[in-house]
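Shown next, in structure tokens, is the structure this report addresses.
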Amino acid sequence: MAPNHLSVREMREDEKPLVLEMLKAGVKDTENRVALHALTRPPALLLLAAASSGLRFVLASFALALLLPVFLAVAAMKLGLRARWGSLPPPGGLGGPWVAVRSSGDVCGVLALAPGSSAGDGARVTRLSVSRWHRRRGVGRRLLAFAESRARAWAGGMGEPRARLVVPVAVAAWGVAGMLEGCGYQAEGSWGCMGYTLVREFSKDL
């Protein structure tokens with residue numbers, strides 16, 4: 001499917017269930033890798049070992065004491081990722097959410113934007129997901145180009161000193177990071193836990 005066979009428009013209300021499933025599927029594709037990355041860092045391993053040692057005095061089963069902290073940590077991380085990226089955000093100052101639609105009418109991607117937290121921060125991508133059946137066909141790049149055009153228009157309308165777009169990416173989403181770098185974005189920040197990166201932020205002046 002060539003990118004010029006795609007159109008981007010605002011999501012219709014009847015498309016909301018489909019879009020939510022697409023977002024949840026996108027989170028599921030990365031949550032296990034993010035959890036593995038986070039829980040194999042030395043501080044996390046020390047905390048899990050300490051929790052297991054404590055539980056051995058309470059639980060009769062050594063295996064249960066060993067596995068329970070890991071299970072709870074993975075579950076908490078997955079729930080956090082799903083709450084952050086697996087749901088639709090409320091409509092923001094930049095409109096949306098938007099969907100990418102192919103010529104057959106199939107919805108194959110979703111995008112949501114929000115203003116930055118302060119003046120000069122530009123716009124932020126809060127959701128960007130492509131159906132697994134339509135990946136590597138230019139859908140992500142088309143949505144990114146649309147996001148850039150919206151960010152430019154919003155910055156001009158708000159009298160912002162510059163147009164800028166920031167895209168957060170989970171540390172395990174190497175394909176998305178590669179696409180952004182290929183489109184001229186640069187990694188400029190990150191956030192995580194216990195000093196280890198879980199999400200990188202890519203930005204580009206437009």
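Values below: all heavy atoms of this structure, side chains included; hydrogens, waters and symmetry mates excluded. All figures in this text were calculated on a predicted structure; none of them were measured in a lab.
Closest approach of Gly96 to Trp98, counting heavy atoms only: N-CZ2, 3.5 Å. The two residues Ala163 and Ala151 make their nearest non-hydrogen contact at CB-O, 4.4 Å. Contact detail for Met179 and Gly140: the closest heavy-atom pair is SD-C, 3.8 Å. Closest approach of Arg200 and Ala177 over heavy atoms only: NH2-CB, 3.4 Å.
The OG1 atom of Thr126 sits 7.5 Å away from the CG atom of Leu111 when rounded to the nearest 0.5 Å. For the atom pair CG of Leu143 and SG of Cys108, the computed distance is 7.5 Å after rounding to the nearest 0.5 Å. To the nearest 0.5 Å, atoms CG (Leu206) and CD (Glu148) are separated by 5.0 Å. Here CD of Glu21 is found 13.0 Å from NZ of Lys16. Values are rounded to the nearest 0.5 Å. Rounded to the nearest 0.5 angstrom, Arg164 CZ and Lys204 NZ are separated by 13.0 Å. In this structure, CG in Leu165 is found 9.0 Å from CZ in Arg152, a value given to the nearest 0.5 Å.
Val169 and Val166 fall into different hydrophobic clusters, defined by Ile, Leu, Val, Met, Phe, Trp and Tyr side-chain heavy atoms under 4.5 Å apart, directly or through other members. Under the 4.5 Å side-chain heavy-atom criterion for grouping Ile, Leu, Val, Met, Phe, Trp and Tyr, Leu47 is not connected to Leu55 through any hydrophobic cluster.
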Could you go step by step and tell me if Val176 and Phe202 meet the side-chain contact (heavy atoms from CB on, under 4.5 Å) rule? CA-CA 10 Å; Val176 179; Phe202 291 79; over 6 Å; no
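Within 6.0 Å of CZ in Arg9 there are more than 12 heavy atoms belonging to other residues, nucleotides or ligands. Residue Glu181 places its CD atom among more than 12 non-hydrogen atoms of other residues, nucleotides or ligands, all under 6.0 Å distant.
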Side-chain donor-acceptor contacts of residues 57-72 below 3.5 Å, not counting sequence neighbours, with atom names and distances?
from	atom 1	to	atom 2	distance (Å)
Ser61	OG	Ala63	N	3.4
Ser61	OG	Leu64	N	3.1

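Every residue was checked against the ring pair (Phe, Tyr, Trp, His ring centres under 6.0 Å) condition with Trp154, not counting sequence neighbours, and none meets it.
Of the possible donor and acceptor atoms, none in the side chain of Arg102 sits under 3.5 Å from a partner among the backbone N and O of His5. Checking side-chain atoms of Arg142 against main-chain N and O of Leu6 turns up a donor-acceptor pair under 3.5 Å.
Taking 4.5 Å as the limit, some side-chain heavy atom of Leu144 sits within range of a side-chain heavy atom of Cys183.
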